[in-house]
Amino acid sequence: MDIFLQQLANGLTIGSIFALVALGYTMVYGVMKLINFAHGDMVAASAFVGLTIYTQVMGQATSLFAVIAIFFLAAAVMACVGIMLERLAYRPLREAPRLSAVVSALGASLMIQNGIMLIWGPQMRIFPELIPQVYWDINGVVISLIQVIILALSVTLMIALYLFVEKTRMGAAIRASAIDQDAARLMGINVNKVIALIFIIGSSLGAVGGLFIGLYYRGITFNMGWQYGLYAFIAAILGGIGNIPGAMLGGMMLGLFQAFIAGYVSSTWADAFTFILLILILIVRPTGLLGERVAEKV
Amino acid sequence: MSNDVLFEIKDLEVSYGSIAALKGISLEVRKGEIVTILGANGAGKTTTMRTISQLLKAKSGSIKFKGQELTQLPAHKIVKLGVSQSPEGRKVFGILTVEENLMLGAFVKTRMNKETLKWVYQLFPRLEERRKQLAGTLSGGEQQMLAIGRSLMSDPEMLLLDEPSLGLAPILVKAIFEQIKMIANKGLTVLLVEQNAKAALKLADRGYVLDVGKIALSGTSTELLASEKIQEAYLGKKS
């Protein structure tokens, strides 16, 4: 029972990170029908940006204010990078065949990855200990303050995003643009603005995910975006790509699944089982868990 | 009928790549009129409508609404000026509810006009009954009502209706056309694209006949209904 509860706690933590990152994939896909392969590398970049903000801007302070400021600044920097990415890599190809945009996405991914290596070097860097190492031992199940913060903050952000998309006017514009861009334009919706907005939201959430990876695993490398990006991408597909609650569900599920595989089988097998899970779900539900769409009459 | 021209297209040319879809058409719509554009498949009717709403960009020519040139504006600015379109194929947001579709129709308004919503529900009581239902689950006729209702939500001065009768049973066509008449009676100017020439001409004040990207004929509805060319080509009667 101990191992179950322990892996539950670990799984929810990594699941939250997967979910935050998966939201970036799913939102961009929802509106643009494009897999933004550079998203994982943006997540990695965020951890390095956070590191630099900590050492250069905050003077290595770890006060609550400094930590909050690091999160906001890193999210703001990554949001700007996200807008630039859309402008430079995707907007010029909006009318081009979809394969061109995919190639552009892969190119952007390599560029960002190599950019990180040029700026911060190829060796592993250690992310600062922004949050004190506080642990609680509850009947043999160890939970850290970092885990609690990651889970609480992720859930808060996801609820906020859900309410924004479902309840606000701009949220309605996002949903309309995801369904039919021309029809959205006929409503007076500026689709370019919507696309910029989803890149801002997706990149900021990804940035928070990147900082969480740094906080939780401590060691950050220039090419870690590939791995986390892939997991988050799988999470988005599991939940039904294009579907926002789906990405949240998929992320949490994948995190729990990997934690239980690591706990009961072996962590070396986690990747293999992840793909087996993906294949099984796609066989049973090709559109993902929540990816069901009402047929539209023509 | 007043004589002031509300809307004017001059020498409009639109092409898809090297294929010319509109080869220089001109037409005008006066305030309060119902004007119809008739034509067979591929004549350029929907191209005209999409170009007015700036979903397509003109190669040359001008489109003026109340003296303002539309061709240089992005698509999302057109509705705000008072030109709203119910597009061909309805294009309702299928996975959103009827109510959400109508609210999106009022996107350009800072606050949704409750009176307009009441009026739309009055025009189409079915929409009020089904307001919590997903638009994709409505019947074809109901989706058409929703598309028209949605385009009314921005309180436009001019309504563009692209083939509202497409795929509807004759009895529904009659109902939709009666509702268009009611909309026009409210003072809206209507530009109606149709293949159903007889029904459209009965409703409209004037009409233009589009033939492979050119205006082949124009005149008042009475003139067009009486014209032999129209009778032959579009109404299926040999005189």
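Residue numbers start from 1 in every chain, and the chains themselves are labelled A, B, ... in the order their sequence lines are given, proteins ahead of strands.
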Value rounded to 0.5 Å, distance of [atom1] in [X] from [atom2] in [Y]:
{"X": "Arg169(A)", "Y": "Thr110(B)", "atom1": "CZ", "atom2": "OG1", "answer": "7.5 Å"}
{"X": "Arg175(A)", "Y": "Leu104(B)", "atom1": "CZ", "atom2": "CG", "answer": "7.5 Å"}
{"X": "Asp182(A)", "Y": "Gln85(B)", "atom1": "CG", "atom2": "CD", "answer": "9.5 Å"}

ask   = Heavy-atom distance under 4.5 Å between the side chains of Lys91(B) and Leu186(A), does that happen here?
value = no
key: Any Arg150(B) side-chain heavy atom under 4.5 Å of Met187(A) side chain   = yes
task = Count the heavy-atom pairs under 4.5 Å between each of Ala184(A), Ala176(A), Ala183(A) and chain B, then report the option with the highest count.
result = Ala176(A)
So with a 6.0 Å cut-off around [atom1] of [X], is the heavy-atom count from everything else above 12?
{"X": "Glu129(B)", "atom1": "CD", "result": "yes"}
{"X": "Trp226(A)", "atom1": "CH2", "result": "no"}
{"X": "Leu280(A)", "atom1": "CG", "result": "yes"}
{"X": "Tyr162(A)", "atom1": "OH", "result": "no"}
{"X": "Phe164(A)", "atom1": "CZ", "result": "yes"}
{"X": "Lys109(B)", "atom1": "NZ", "result": "yes"}

key: For Phe107(B) against Met170(A), the heavy-atom pair lying closest together   = CZ-SD, 4.3 Å
ask   = For His76(B), which of Ile189(A), Asn190(A), Val194(A) qualifies under side-chain contact (heavy atoms from CB on, under 4.5 Å)?
value = Asn190(A)
